[in-house]
Amino acid sequence: MSGLGELTTLFRRGSAERARSRPKRNEWAAYLFLAPWIVGILGITIFPILASLYLSFTDYRLTRRRPPHFIGFDNYVRMFGDSNWWDSVWVTVRYVVFGVPLQLLVALGLALLLDRGLRGLAFYRSVFYLPSLLGGSVAVAILWRQVFGYEGLFNDFLEVKLNLFGVTLPSLAELFGYERFSWIGRADTALWMIILLHVWTFGSPMIIFLAGLRQIPSMYYEAAAVDGAGRWRQFRSITLPLLSPIIFFNLVLQTIGAFQSFTQAYIISGGSGGPGTSTLFYGLYLYRQGFESYQMGYASAMAWMLLLTIAAVTALFFATSRFWVFYED
Amino acid sequence: MTTDTLVRPPVAPAARPRARGPWLRIRWRSVFKHALLVLLAASMIYPLIWMLASSFKPTETIFREIGLIPSEATIANYTNGWTAFTVPFHRFLWNSVIIAFGSILGNLISCSLAAYAFARMRFRGRGVMFSSMLLTLMLPYQVVVVPQYIVFRQLHWINTPFPLIVPKFLAVDAFFVFLMVQFIRGLPRELDEAARIDGAGHFRTFLQIILPLTTPALATTAIFTFVWTWNDFFAQLIYLPALENKTAATALNMFIDASSTSDYGAMFAMSVVSLIPLFFIFLFGQRWLIRGIATTGIK
């Protein structure tokens, strides 16, 4: 069961749980086991959350040797008048809205293709998983930057002329009248290359889907087949509903992750978020405000906006889940 | 006790009555399927192999040759890349290794302790604590990083590995706590009770009964921690700015910063070097990764 699934059930049976956990003599032993975690959640998580909320109402700059000065909602007001901020929101929203569903669709499609005893499953699973393992690294982002650059592999591929039995086929570039350009150097394509990089790492959700598909008892399909249901009907009426909790949790977690993405955009744009602001991800803009200009107040306000957005989107997902997520119990 | 769903035998495809030549049909379909999958796999992996091949080509020819086999192979890129900065590249690798192994140690100790308490002990506030632990899975890093940075700076921890390792000893990676809780819950409680009857306290039960049985989850934790810290960039970027403290990830970034005189060959070579540990994990640790992903449903 996934983490979020656990969370939902916990909230559902919360009251019963509370009644059962009556204090016992060895409670202190439990707190001893939990001591590192308690220190961590208080010191490394809760305190910083509250501190950044406080800082977001100040003009705190690390470079100036003076304490934070309370300025009310100025940082938030400034944000709404900051065109770069709006650009970063727009870039991130497009990344989330296209990247996450695309990646999950590819993952689901391949999981379905690989399911049901296809020969070589383990091999394909490995190969498709490899990009997920490497995809977060700086090295792969560097590779991406070169593959889709002006002189990159992708442009070379488009201009390859295949020679089949002495007949030279026209290249894709010739067929479509394509003039070579840098895919990461142009404002209208750069973001899509980063989305593509995200889709390229579909391996780990694919593995989750494969595990989910294995959980569906085969007798459901057998019974459906006996009743004359075709493949599509079986998919619609059995696979999709039974997989919907897993799809849901993947969607939520991938969305949360995508809102925070940083490394790929940073490396591919060389830290600038360019060309223009076309890859100025929210996380990247926040980094530049906080750790290049040292405007900790403004960066904290941005971080809190992000937190609120993520919370709102997650809440929205949960609120709509009862219309499309199917729970067996 | 096993939570591994991947080892269940594949389900036989439901027999579908076909009017003619079911065998022929099925075979064509599977040929088509395999062709599609192989094509997709090849195009996904090709860039990686291209990078590997390019790292052995002289820089001038990298972008002139689309093929994989270099017309002249050289290891000059590796020697150039290794010494591209005033600090040799093995220093960066070593910095990454220290952070990775410190993080692994921290996560193994702190997460297993917390997981034992959540899975096996009853105490006041357990539900609330467990929920807040899971909620931190959803917390964006950006909302804690600014105050953390300010505090670590006050402690003079910038340019030390402490900001990256110490939090791991405080079980901040909720994912692993959750993974181990799930695993420990699957262990039979009779084991604990038997130990208790024999007079073992909680700590002894944890150390001698539960921990040895939790090895698979510990292995998954260690491997994931390695991959995540090795791939991490943001935290290493802000906490380790000095050249001699840079990690493999942030050192690679310097190749881009110095892009006016880009030595693509050296950049590719060092990228390949930085991916080697991940590739070994891919070869030998894959089943732990896959099991971890499949049982928790989290990347």
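For the numbers below, each heavy atom of this structure counts, side chains included, while hydrogens, waters and symmetry mates do not. Here is how names work: the chains are called A, B, and so on, in the same order as the sequence lines, proteins then strands, and each is numbered from 1. No experiment lies behind these values; they were computed from the predicted model shown.
In this structure, chain A has heavy atoms under 4.5 Å from both the backbone and the side chain of B:Phe203. When heavy atoms are compared at a cutoff of 4.5 Å, B:Val227 approaches chain A solely by way of its side chain, counted from C-beta outward. B:Leu36 touches chain A through its side chain: at least one heavy atom from C-beta onward sits under 4.5 Å away, while N, CA, C and O do not. Of the atoms belonging to B:Val144, heavy atoms from both backbone and side chain fall under 4.5 Å from chain A. Heavy-atom distances place the side chain of B:Arg153, and not its backbone, under 4.5 Å from chain A. Using a 4.5 Å cut-off between heavy atoms, B:Phe234 touches chain A through backbone and side chain atoms alike. Interface remark: B:Ile109 contributes no atoms to any contact with chain A (heavy atom separation under 4.5 Å).
By the side-chain hydrogen bond (donor to acceptor under 3.5 Å, both in side chains) test, A:Tyr60 is found to be paired with no residue, residues two or more places apart in sequence or in another chain being considered.
Residue B:Ile223 holds its CD1 atom at 9.0 Å from CZ of B:Arg287, rounded to the nearest 0.5 Å.
Ring geometry for A:Tyr266 versus A:Phe262: interplanar angle of 30 to 60°, hence tilted. A perpendicular orientation is assigned to the rings of B:Phe206 and A:Phe33, their planes being inclined by more than 60° (bins at 30° and 60°).
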Donor-acceptor pairs under 3.5 angstrom involving side-chain atoms of residues 271-280 of chain B: please list them, not counting sequence neighbours.
unit_1: B:Ser271; atom_1: OG; unit_2: B:Met267; atom_2: O; d: 2.8
unit_1: B:Ser274; atom_1: OG; unit_2: B:Ser271; atom_2: O; d: 2.8

